[in-house]
Protein chains: 2
Amino acid sequence: MTKSLARRTFDEDVVLDAAAHVFRKRGYGAATVREVAQAAGMLPGSLHYRYPSKEALLLDLMERALTRVLELGRAAVEHAPDPAERLRLGLRAHLEALLSGDDDFYVLLYDWRSLRGPSMQAVLRLRSRYEAFWDDLLWEAVRSGWARPNLDVELLRQFGIGAMNWVAQWRHESDPRTPAEIADTFWSYLAFGLLAEDKRPGKKTFGQMAKRRKAGPKRPAKGGRK
Amino acid sequence: MTKSLARRTFDEDVVLDAAAHVFRKRGYGAATVREVAQAAGMLPGSLHYRYPSKEALLLDLMERALTRVLELGRAAVEHAPDPAERLRLGLRAHLEALLSGDDDFYVLLYDWRSLRGPSMQAVLRLRSRYEAFWDDLLWEAVRSGWARPNLDVELLRQFGIGAMNWVAQWRHESDPRTPAEIADTFWSYLAFGLLAEDKRPGKKTFGQMAKRRKAGPKRPAKGGRK
DNA sequence: AAGCTTCTTGGTCAAATGACCAAGAGCCTG
DNA sequence: CAGGCTCTTGGTCATTTGACCAAGAAGCTT
């Protein structure tokens, strides 16, 4: 992506893997190109030959990550016709990618903000492709009648993606829950909610239930600043 | 916290506000102490007098952020007896803090990993206090019978906190949804789930439902909202 | 106003960093 | 096997960075 050499013989992935590892461990801002070069088993000069700048490295890395997660999501969902099942498989694919040990996704989560200008735009374009993938899944679920019709799909998509991405923050290698188990549990929270069976509303719409409580005392942020 | 001078006369918050702003805009790793000093309206030497290192600055910042969000959460929930309502108010408080424009919380979200050793430990201790606050709210909801008894509270807490924190990533200043509205919608997703009313399970436990999905009887969906 | 503490000034310093390059080695193709 | 690629070597270079400090200003207490 960065260079358009007629024919490149080196393995791009080795370098990107090394970069992903270093960026994840140290953070993009604190990482140095020298560290990346060393992790890739080459001298800084060689790395510079491949990537003219640190940011070019980050850009390629993020494009790889976004392309991958989208591919994995599509593949996971491909052969399931049922919208609810597709949703569940999508959650699984996302979490399995995120927790697979692939450093790319961590870097994507933490350091995408470090890109500037056109690089940022390119990543945002890819990101919205992934978001569209999820919106499609959710609309399917609504249209099929499985999900309530009165959902704010965009908000719901962010809700779910946020919950999933956060798993990268708290799950340790030693956690007994597998990614698939977490995904399935999340799916059940999303599908059924927390409410006990005997507390489910009858005819009342959910929307009213959510809104009808009067606003509590609105407390402005405390601890005056600025 | 960092220094234990007998009596300090300067306003700690001015410096931390400046640091928060710079760290948020540039990322902790890429930010420099010089930038922070300038934003605080002082020379680098003066900043060094107050904070011996960049990391000490970050530590104080994170302790302030965590202390604040916990205070805000407790205050929001304080006078509501109903567990469901307490949950909703807790969500509101969290999102209102996060989206209030206070830079602290962004820095907390993105850069807590940059701390090392004892500083990291101190932040983790505070973080688990905040997590315990949420676990209490959730357990109340379960014990009161409002929520299903077969919930993995820890997983659920991470689920919700993740969804909320992600809002910081996507919401722009111009977004018409207020933090409180987002919180209420999230609450309704959490409480009721996505499932259409006529697809709700009968007597079966949700746990079983989560594992054995099948399409229910097809009837037109009822309620709509808005 | 003396005396003490708090904080600022205006620097220094060694180390690190991102970018860069001339020369050469290695390898494929014709 | 010669020519032309691709890639590596082993550096350089101007800046930037975090940390530090001696000396003095400012403010509070008595």
Side-chain angles (χ1 to χ4, degrees), chain A residues 1-23 25-62 107 111 114-120, chain B residues 1-23 25-62 107 111 114-120:
Chain A
M1 298 273 185
T2 298
K3 289 174 167 249
S4 56
L5 299 176
R7 175 191 44 159
R8 46 170 44 173
T9 67
F10 65 79
D11 186 356
E12 206 171 22
D13 281 341
V14 170
V15 179
L16 289 184
D17 288 348
H21 191 70
V22 172
F23 289 168
K25 208 169 73 179
R26 307 240 310 133
Y28 173 76
T32 72
V33 293
R34 272 165 246 258
E35 286 171 319
V36 174
Q38 193 180 15
M42 61 182 63
L43 295 178
S46 301
L47 183 60
H48 181 256
Y49 172 78
R50 295 146 184 251
Y51 292 91
S53 72
K54 192 176 158 188
E55 188 174 333
L57 210 38
L58 182 61
L59 174 59
D60 261 27
L61 199 51
M62 306 228 147
V107 179
D111 290 318
S114 301
L115 292 173
R116 305 277 151 203
S119 307
M120 171 69 89
Chain B
M1 312 240 171
T2 298
K3 284 171 168 254
S4 57
L5 300 176
R7 174 191 45 153
R8 49 167 46 172
T9 67
F10 65 79
D11 185 358
E12 206 171 24
D13 281 340
V14 170
V15 179
L16 288 184
D17 287 350
H21 191 69
V22 171
F23 288 170
K25 207 168 74 179
R26 308 239 310 134
Y28 173 77
T32 73
V33 293
R34 273 166 245 257
E35 287 171 318
V36 174
Q38 194 180 14
M42 60 182 63
L43 295 179
S46 300
L47 183 60
H48 178 71
Y49 172 76
R50 293 145 185 249
Y51 292 91
S53 72
K54 192 176 158 188
E55 188 174 336
L57 211 39
L58 182 62
L59 175 59
D60 260 27
L61 199 52
M62 307 226 146
V107 179
D111 290 318
S114 300
L115 293 173
R116 307 274 148 204
S119 305
M120 171 71 90

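Since the model is a prediction, treat every value here as computed from it, not as a measurement. All values below come from the heavy atoms of this structure, side chains included, with hydrogens, waters and symmetry mates left out.
Counting heavy atoms from C-beta outward, A:Glu55 and A:Leu59 have side chains that stay 4.5 Å or more apart. The shortest distance between side-chain heavy atoms of A:Gln38 and A:Val22 does not fall below 4.5 Å. By the 4.5 Å heavy-atom criterion applied to side chains, A:Lys54 and A:Val36 are not counted as neighbours. Between A:Tyr28 and A:Leu57, every side-chain heavy-atom pair lies at or beyond the 4.5 Å cut-off.
In this structure, B:Glu12 atom CD and C:dC7 atom P are separated by 11 Å, rounded to whole Å. Rounded to an integer number of Å, the gap from B:Glu35 CD to D:dT17 P is 7 Å. In this entry the distance linking CZ of B:Arg50 with C1' of D:dG18 reads 18 Å, nearest Å. One atom, CE of A:Met42, and another, P of D:dT8, lie 5 Å apart when rounded to the nearest Å. Between A:Leu43 atom CG and D:dT8 atom P the separation is 9 Å, expressed in whole Å. For B:Tyr49 and C:dC7, the OH to P distance is 5 Å, given to the nearest whole Å. Taking atom OH of residue A:Tyr28 and atom C1' of nucleotide C:dT17, one finds them 12 Å apart after rounding to whole Å.
For the atom pair OH of B:Tyr51 and CG of B:Asp60, the computed distance is 4.0 Å after rounding to the nearest 0.5 Å.
Shown here are the salt bridge (charged side-chain N to carboxylate O under 4.0 Å, His left out) partners of A:Arg26, two or more places apart in sequence or in another chain: A:Glu35.
Residue-level contact check: A:Ala30 touches neither bases nor backbone, having no heavy atom under 4.0 Å from any strand.
Both A:Arg26 and B:Gly41 sit near DNA chain C, but only B:Gly41 has its closest nucleotide nearer the 5' end.
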Could you list the protein-to-nucleotides 19-21 of chain C atom pairs, N/O on both sides, closer than 3.5 Å?
{"residue": "C:dA19", "atom": "OP2", "partner": "A:Lys54", "partner atom": "N", "Å": "3.1"}

